Q: 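Encoded as structure tokens, here's the structure I'll be asking about.
These numbers come from a predicted model, not from an experiment. Numbers for residues simply follow the sequence, beginning at 1. Computation of the quantities below employed the complete heavy-atom set of this structure, encompassing side-chain atoms and omitting hydrogens, waters and symmetry-equivalent molecules.
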Amino acid sequence: MVTSSRTLAVIPARGGSKRLPNKNLLSFADKPLIAHTIEASLTSKEITDVCVSSDSNSILASAAAYPELLRVRRPHSLATDIATTVDVVLHALKVCEERTGGIEFDNVVVLQPTSPLRRSEHIDEAIGQARQKEALSMVSVCPAHAPRAWISPLGPEQSMQAFVEALRSSKRSQDYEQEFVINGALYVVNRSHLVTKKSLFSDNACYAYIMRGVDSIDIDDAEDFFLAEAAYQHRDRTIDFD
């Protein structure tokens, strides 16, 4: 289970990005995008060690601005489109434990650098909830924007036949039970489970950490980037509709 002992945060930051080139180093709110995740992890009260794993010289050089964190150069085999996050995290964990004297960490937190609105408070709450629930893993989610019944692939020539069939038995949006989607912002996992099962998920002790949609934006392309910038500017704003 997740404990209150040594916790390693792994920030996996690959250099290549097809939809938004060099996105991890793009200026976001006057600093490199990855810096927001680095600073959130360093100011966390629960995380004891922070690691940036990358194949990019530029990303590792940017991370050097934070001398307290560990920088891990991942091999080319872990920087391809088919490399899994779990393999990257396991490699970073192994290197970090070797560098810190061979003492094993108790927990691992995975923080993707493309979630700049995830803050240290989210990290600490998720770890705290995982410990309270005696979880093997905790995964961040946010409310889904639409019921699954309203989502379907398009048919030939963009036919909506599948939608028409689904909507025949459809209900009003407010009549559906609230559903959630994984937002990718953070994963908390017990180290032993991670190493043994090679998974960020658990069959019998995996729980959700719920985040607001505004804090869950994952930057994958230019549209996401501009949306995240606007959300960052206004995320603490309250609106009085009276």
Side-chain angles (χ1 to χ4, degrees), residues 1-17 24-25 34-35 37-115 118 120 123-124 126-127 130-131 134-140 182 184-206 209:
M1 71 185 71
V2 171
T3 68
S4 59
S5 300
R6 295 185 69 202
T7 298
L8 173 69
V10 177
I11 303 172
R14 194 173 64 145
S17 175
N24 287 317
L25 294 179
I34 192 174
T37 294
I38 291 174
E39 292 175 7
S41 61
L42 290 174
T43 55
S44 163
K45 297 175 182 177
E46 296 277 1
I47 290 172
T48 57
D49 299 82
V50 180
C51 159
V52 170
S53 166
S54 183
D55 60 311
S56 164
N57 290 333
S58 298
I59 291 175
L60 292 174
S62 178
Y66 304 88
E68 58 269 58
L69 61 75
L70 298 164
R71 292 177 294 155
V72 173
R73 179 177 296 281
R74 71 175 74 164
H76 176 71
S77 61
L78 294 179
T80 65
D81 289 337
I82 61 173
T84 68
T85 298
V86 169
D87 287 339
V88 170
V89 172
L90 286 171
H91 172 263
L93 174 64
K94 180 176 182 293
V95 173
C96 289
E97 289 183 339
E98 289 173 351
R99 290 187 188 174
T100 54
I103 300 175
E104 294 182 353
F105 290 95
D106 299 284
N107 318 300
V108 178
V109 179
V110 183
L111 304 171
Q112 65 178 14
T114 51
S115 299
R118 175 247 299 108
S120 59
I123 299 170
D124 290 344
I127 296 173
R131 185 166 55 244
E134 298 186 348
L136 288 175
S137 63
M138 176 78 70
V139 180
S140 60
I182 296 172
L186 65 89
Y187 299 82
V188 181
V189 61
N190 169 267
R191 179 209 179 274
S192 179
H193 174 79
L194 172 66
V195 172
T196 303
K197 300 297 185 181
K198 294 181 171 51
S199 175
L200 300 175
F201 298 86
S202 160
D203 290 336
N204 57 0
C206 181
Y209 171 68

Q: Using only atom types and a distance under 3.5 Å, with no angle test, would you say the side chain of S140 pairs donor to acceptor with the backbone of L186?
A: yes

Q: Is there a donor-acceptor contact under 3.5 Å from the side chain of E97 to the main chain of F105?
A: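 Yes; judged by distance alone, with no hydrogens or angles, the pair exists.
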
Q: Could you check whether any side-chain heavy atom of L93 comes within less than 4.5 Å of a side-chain heavy atom of V10, counting everything from C-beta outward?
A: no

Q: Using only heavy-atom distances, determine whether the side chains of Y187 and Q112 contain a donor-acceptor pair under 3.5 Å.
A: no

Q: Under 3.5 Å, side chain of S41 to main-chain N/O of I38, donor-acceptor pair present?
A: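 Pair found, side chain donor or acceptor close to backbone of I38.
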
Q: Are the side chains of S54 and L60 in touch, meaning some heavy atoms are under 4.5 Å apart?
A: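 SC-SC contact between S54 and L60 confirmed.
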
Q: Does R99 use its side chain to pair, donor to acceptor, with the backbone of R71 at less than 3.5 Å?
A: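 Pair found, side chain donor or acceptor close to backbone of R71.
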
Q: Under 3.5 Å, is there a donor-acceptor pair between the side chain of D55 and the main chain of G15?
A: yes

Q: Walk me through it: do T48 and R6 pass the test side-chain hydrogen bond (donor to acceptor under 3.5 Å, both in side chains)?
A: CA-CA 6 Å; T48 57; R6 295 185 69 202; 4.7 Å; no

Q: For a 4.5 angstrom cut-off between non-hydrogen side-chain atoms, does I59 reach V52?
A: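 Yes, their side chains come closer than 4.5 Å.
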
Q: Rounded to the nearest 0.5 Å, what separation is found between the CZ atom of R118 and the CG atom of L111?
A: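 Nearest 0.5 Å value for the CZ-CG distance: 4.5 Å.
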
Q: Less than 4.5 Å apart, any side-chain heavy atom of T7 and any of R191?
A: no

Q: Is the closest side-chain heavy-atom distance between I47 and I127 below 4.5 Å?
A: yes

